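Below: the structure, in structure tokens.
Throughout, a chain's letter reflects where its sequence line sits, starting with A, and its residues are numbered from 1. Owing to the predicted nature of the structure, the values given are computational and were not obtained by experimental measurement.
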Amino acid sequence: MAKKPQFMHFLGCIIPHRYPSIESAVKLVFEDLGMELLDMEGASCCPAPGVFGSFDRVTWASVSARNLTIAEAAGVPITTGCNGCFASLWDANYELKHDKELRKSVNENLAEIGREFKGTIEVTHYVDALYSTAGLEKIKKHVVRPLKGVRMALHPGCHWMRPKAIKKKDDSENPHIFRELCEVSGAEYVPYRDELICCGAGGAVRTADVKVALEFTKQKFESILEAGGADIIVTPCPFCELQLDLGQVEIQKHFGDEFNFDIMHVVELLALAFGHEPEEFGLDTHLQYAMRKNQPNWERLGIKTEG
Amino acid sequence: MTDSISRETIDSDEMDPDFVDKIVEAGADRIRTCIQCGTCSSVCPSGRRTAFRTRELMRKALLGLKDEVLSSPDLWLCATCLTCLERCPRQIKVTDAIVIMRNMAVKEGYMLPQHRKVSQKLIQTGHAVPIDEANQEMRKELGLQEIPPTVHSHKDALKDVKRIMEETGFNDLVEGAEMEKDSK
């Protein structure tokens, strides 16, 4: 039997500290697919590319490089479920392989803690592991609870696929990979005009001015309603998930508009489609439910829970 | 009053000819080829609702209006979604140019208080968004390790992360920005 594909699991901040249901869901999904996630002991913040990359490039690259060296020591590729973490780790890995000057100063900093960036591993996103390592055919075989009749809008986010000329993941102006992956769940894809715009949270904007960030999000929601509405919005990023999920509560507070979408990370969607019960990974722990003291719309999702 | 037209002339003292060279050196190498077509502004989801104008920022950078660019809070309204970079007909790394200018702004002492705060979190905990008690409880209920196997459960690793940020001068940079703000 072939060896199980292994990944160093980079957690970041938002997944383990705000949306741990994603962490639980990815463990279920990867195990079902025969892919192994290894703990990345001692990893830190990626650190957030639009935030710390905007403050000081060398600090951003050095802290990121330290994370990369943990995986280099194990000789195992990294996988992460966050577009932000992916952008930090992938970009730092790429830049350090191509920019000698940056690599020199980063390695001087790493030498202080007995580490060195060698450039020996690859950085992947859950989307890569699912689409390219496991493959859609294999994933299809695990779908025992297709989400038939569930209207699904997508929010692919920015940093997995852009810039397309460098990342070479998908055509960021006309992407298909994330859609194909989500459609395996059996949910009905709902295209909408503003699918490809940013959720608003990135680039330190959410921190700088939350209302501006929420206006991006509101535009997306309105665009989904114009397209006939959706039951769920699926994203490959916990920071986008936070912005779309908690953002609904914040939009109501700041602008008075009420939206009611259930938001899922793609691994939460697949966990459901693979037949796992929502309480196995804690779908109802999303922040909008905690704030609104309500539950996911089980009926709309076609999932009956006991009680 | 002989003339109803207001003439706004850019004072040459405000122009720093080295400014754009520094942006080019730092990686936005095609910025000089900008034809001011405005594609960047027209696709910018931030510009749609704020005063942020990418095209104007590129023009000011080319003119060398360093102080005006670096001191403007608008510089922080880009969500780094990279759409302008994807669509620029001159293939200018627009987002990279903005990030380079942000780095310069921070060096000059321009840092928003909320950005300083998030930097202090990184310096203290190794995470921009550290764990809290409610979350620890939630993790326990989900059967996850209560404290993730990150710097949060490895003191030595956190020490290393802090050491890196001392070495790069990030601590001083964040504190320096604070001093700058206090003196204003």
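When side chains are defined from C-beta on, B/T150 does not count as touching A/S44, because their heavy atoms never get closer than 4.5 Å. Considering only heavy atoms from C-beta on, B/H115 stays 4.5 Å or farther from A/S54 through its side chain. Side-chain contact check for B/R48 versus A/F216: every heavy-atom pair is 4.5 Å or farther apart. Looking at B/E166 and A/E112, their side chains never come closer than 4.5 Å, going by heavy atoms from C-beta outward. At least one side-chain heavy atom of A/H159 sits less than 4.5 Å from a side-chain heavy atom of B/T80. Using a 4.5 Å cut-off on side-chain heavy atoms (C-beta onward), A/D56 and B/K107 make contact. Considering only heavy atoms from C-beta on, A/R162 comes within 4.5 Å of B/T83 through its side chain.
Contact count against chain A (heavy-atom pairs under 4.5 Å) is highest for B/R87 among B/R87, B/E141, B/Q136, B/M104. Options B/K155, B/M101, B/Q91, B/M138 differ in how many heavy-atom pairs under 4.5 Å they form with chain A, and the most are formed by B/M138. Comparing B/P148, B/P130, B/G143 by how many heavy-atom pairs each has under 4.5 Å with chain A, the most go to B/P130. When the candidates B/D156, B/V99, B/L82, B/I98 are compared by the number of heavy-atom contacts under 4.5 Å with chain A, B/L82 comes out ahead.
When heavy atoms are compared at a cutoff of 4.5 Å, B/K159 does not approach chain A at all. Of the two parts of B/T50, only the side chain, counted from C-beta on, holds a non-hydrogen atom closer than 4.5 Å to a non-hydrogen atom of chain A. Both the backbone and the side chain of B/I131 come within contact range of chain A, each with at least one heavy atom under 4.5 Å from a heavy atom of that chain. For chain A, the nearby part of B/Q145 is the side chain; its heavy atoms alone come within less than 4.5 Å. Contact annotation for B/P73: neither backbone nor side-chain heavy atoms come within less than 4.5 Å of a heavy atom of chain A. Residue contact with chain A, scored on non-hydrogen atoms closer than 4.5 Å, involves the backbone and the side chain of B/S46 alike.
Relative to the ring axis of A/F55, B/R102 does not place its NZ or CZ within 45° and under 6.0 Å from the centre.
Judged by distance alone, with hydrogens and angles left aside, the side-chain atoms of B/R139 form a donor-acceptor pair with the main-chain N or O of A/P16 at under 3.5 Å. Remark: side-chain polar atoms of B/N103 are paired, donor with acceptor, to backbone N or O of A/G53 under 3.5 angstrom. At distances below 3.5 Å, not a single donor-acceptor pair connects side-chain atoms of A/D39 with backbone N or O atoms of B/P149.
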#### Entry: A/R66 and B/V161: CA distance, side-chain angles, deciding distance, side-chain contact (heavy atoms from CB on, under 4.5 Å) verdict
CA-CA 8 Å; A/R66 180 190 161 274; B/V161 175; 3.5 Å; yes
### Task
Evaluate the criterion side-chain contact (heavy atoms from CB on, under 4.5 Å) for residue pair B/L144 and A/S24; output intermediate values, then yes/no.
CA-CA 7 Å; B/L144 294 165; A/S24 294; 3.5 Å; yes
### Message
Applying side-chain contact (heavy atoms from CB on, under 4.5 Å) to B/M165 and A/T59, what does each step give before you reach the verdict?
### Response
CA-CA 6 Å; B/M165 287 186 280; A/T59 300; 3.9 Å; yes
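Residues B/L142 and A/S21 come closest through the heavy atom pair CD1-N, 3.9 Å.
Between the side chains of B/Q114 and A/T207, no donor-acceptor pair of N or O atoms lies under 3.5 Å.
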